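Predicted model only: the values in this text are computed from it and were never measured. The figures here come from the full heavy-atom set of this structure, side chains too, leaving out hydrogens, waters and symmetry mates. Every number for a ligand or one of its atoms is a count from 1 in the order of the listing.
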Amino acid sequence: MLPSLFLATTAATLASAHTVITYPGWRGNNLHTNEAWPYGMQWQYPCGGINLTTNRTYWPTTGGALAFQPGWFQGHQTAFLYVNIGVGTEGPDGGPINMSNPMVAPFQLLGPSNGPFPGTVCLPQVPLPTNWTMNPGDNATLQIVEIAMHGAALFSCVDITFAAPGDPRIPEVNETNCYNSSDLGFASIYTITTTPIGASADMNVPGSGASLLRFAPWMGYVPVLLGAAWLLM
Ligand SMILES: *[C@@H]1O[C@H](CO)[C@@H](O)[C@H](O)[C@H]1NC(C)=O
Ligand SMILES: *[C@@H]1O[C@H](CO)[C@@H](O)[C@H](O)[C@H]1NC(C)=O
Ligand SMILES: *[C@@H]1O[C@H](CO)[C@@H](O)[C@H](O)[C@H]1NC(C)=O
Ligand SMILES: *[C@@H]1O[C@H](CO)[C@@H](O)[C@H](O)[C@H]1NC(C)=O
Ligand SMILES: *[C@@H]1O[C@H](CO)[C@@H](O)[C@H](O)[C@H]1NC(C)=O
Ligand SMILES: *[C@@H]1O[C@H](CO)[C@@H](O)[C@H](O)[C@H]1NC(C)=O
Ligand SMILES: *[C@@H]1O[C@H](CO)[C@@H](O)[C@H](O)[C@H]1NC(C)=O
C-alpha cells in the first residue's frame, strides 16, 4: 500500500517531465505542470516552454558529447529520440526560428518499465549536420526530442557557444557525467516501404457498386494503420 502510494505521488509530481539534459547543460528545469502549463511544460515546441537563455555552455566546433536522463515520467517503456540543432536569432525569443537540422539518426530507447525510471544516456560524439561549419564564438541551440509511446513529443534544449576543441571552457566529459545506464537498451528504427509513391492502391477495385464505394474511404486507412503498428514493433 505505502510503496504504491509513494510511486503515485512521485509520478504526479513529475507529471510534466521526461528529459533532463545533464551534459553539456540545460536551459533550465521545465519539469512543471501548473496553471500556465496545464498539460506540462515539456510538450511545448521547440524547447519545452523555456525561452532562450544567455548563460550558454561552451561546446566543440567539431561536435561533442550530449548526456541526458530520458525516464522522468511514465509511458516510456520505449521512446524515439531525436537530436537537432538550431541557429540564428529570428525566433520570437531571439533564438533559432526552427530546430529542423538533425544531428544523429533517430533511435529507439528501451526502458526497464512503463513507469518513471532512472538512468542516463550518453552520446559521446554528436556531430554537426553534414557540411556544416561553425566557428568559435558562434551560438546555437541543441534540442532533444523524445517521442512517447502514444506519439506526443517532449522537448528539452541547451544553449551553446562554439569553442575550438580543447578549449578549457568546454566542460570535461568523463565517465561520471556521460555514460549509458546498464538498465537501458537501444534499438535501430527503420521503415519498410509497402506502397511506393505512384503505386496507387485503389486502381483495381472490382465492380463499382454503391456499397463498395461507401467502404472505399475506410479501406484506404488500413495500410496506414498496419504500417504504424509495424513501426511500433
Ligand atoms: C542557466 O541558468 C538557469 C537559471 O538559473 C539554470 O536553470 C540553468 O541550468 C543554467 N544553464 C546553464 C547551461 O548553466
Ligand atoms: C552569443 O550569445 C551570447 C549570450 O547570449 C551573446 O552575448 C553573444 O553576443 C552571442 N554571439 C553572437 C556571435 O551572436
Ligand atoms: C530554419 O531556419 C533557418 C534560419 O535559421 C532557415 O534558413 C531555414 O530555411 C529554416 N528551415 C525550415 C525547414 O524552416
Ligand atoms: C518567451 O518569449 C515570448 C516572446 O517574447 C513571450 O511571449 C513569452 O512570455 C516568454 N515565455 C516565458 C515562459 O518567459
Ligand atoms: C550509448 O548508447 C548509444 C546507443 O547505442 C551509443 O550510440 C553510445 O555510443 C553509447 N554511449 C557510450 C558512452 O558508450
Ligand atoms: C555536402 O557538400 C558536398 C560538396 O559540396 C555535396 O556534394 C553534398 O551534396 C553535400 N551534402 C549535403 C547533405 O548537403
Ligand atoms: C567529470 O567532469 C566534471 C565536469 O564536467 C567534473 O566536475 C568532475 O569532477 C569530473 N569527474 C571525474 C571523476 O573526473
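Against a heavy-atom cut-off of under 4.0 Å, T54 is close to the following atoms of ligand 2: 4 (C), 5 (O).
Here D167 pairs with R169 under the salt bridge (Lys or Arg N to Asp or Glu O under 4.0 Å) rule; sequence neighbours left out. The salt bridge (Lys or Arg N to Asp or Glu O under 4.0 Å) test applied to D93 returns R27, not counting sequence neighbours.
Contact detail for I85 and P129: the closest heavy-atom pair is CG2-CG, 3.7 Å. The heavy-atom pair separating N139 from M134 by the smallest distance is O-CE, 4.2 Å.
Pairs engaging residues 40-77 under the disulfide bond (SG atoms under 2.5 Å apart) rule: C47-C157 [sequence neighbours left out].
Polar contact with ligand 2: absent for T161 (N/O pair, distance under 3.5 Å). At a 3.5 angstrom cut-off on N or O pairs, T53 does not count as close to ligand 2.
T19 and W72 share no donor-acceptor pair across their side chains, judged by distance under 3.5 Å alone.
Using the six-membered ring where Trp is involved, W43 and H150 have ring planes that are tilted, between 30° and 60° apart.
When heavy-atom distances to ligand 4 are checked against 4.0 Å, the residues falling inside are G49, N51, P92, ordered by chain and number.
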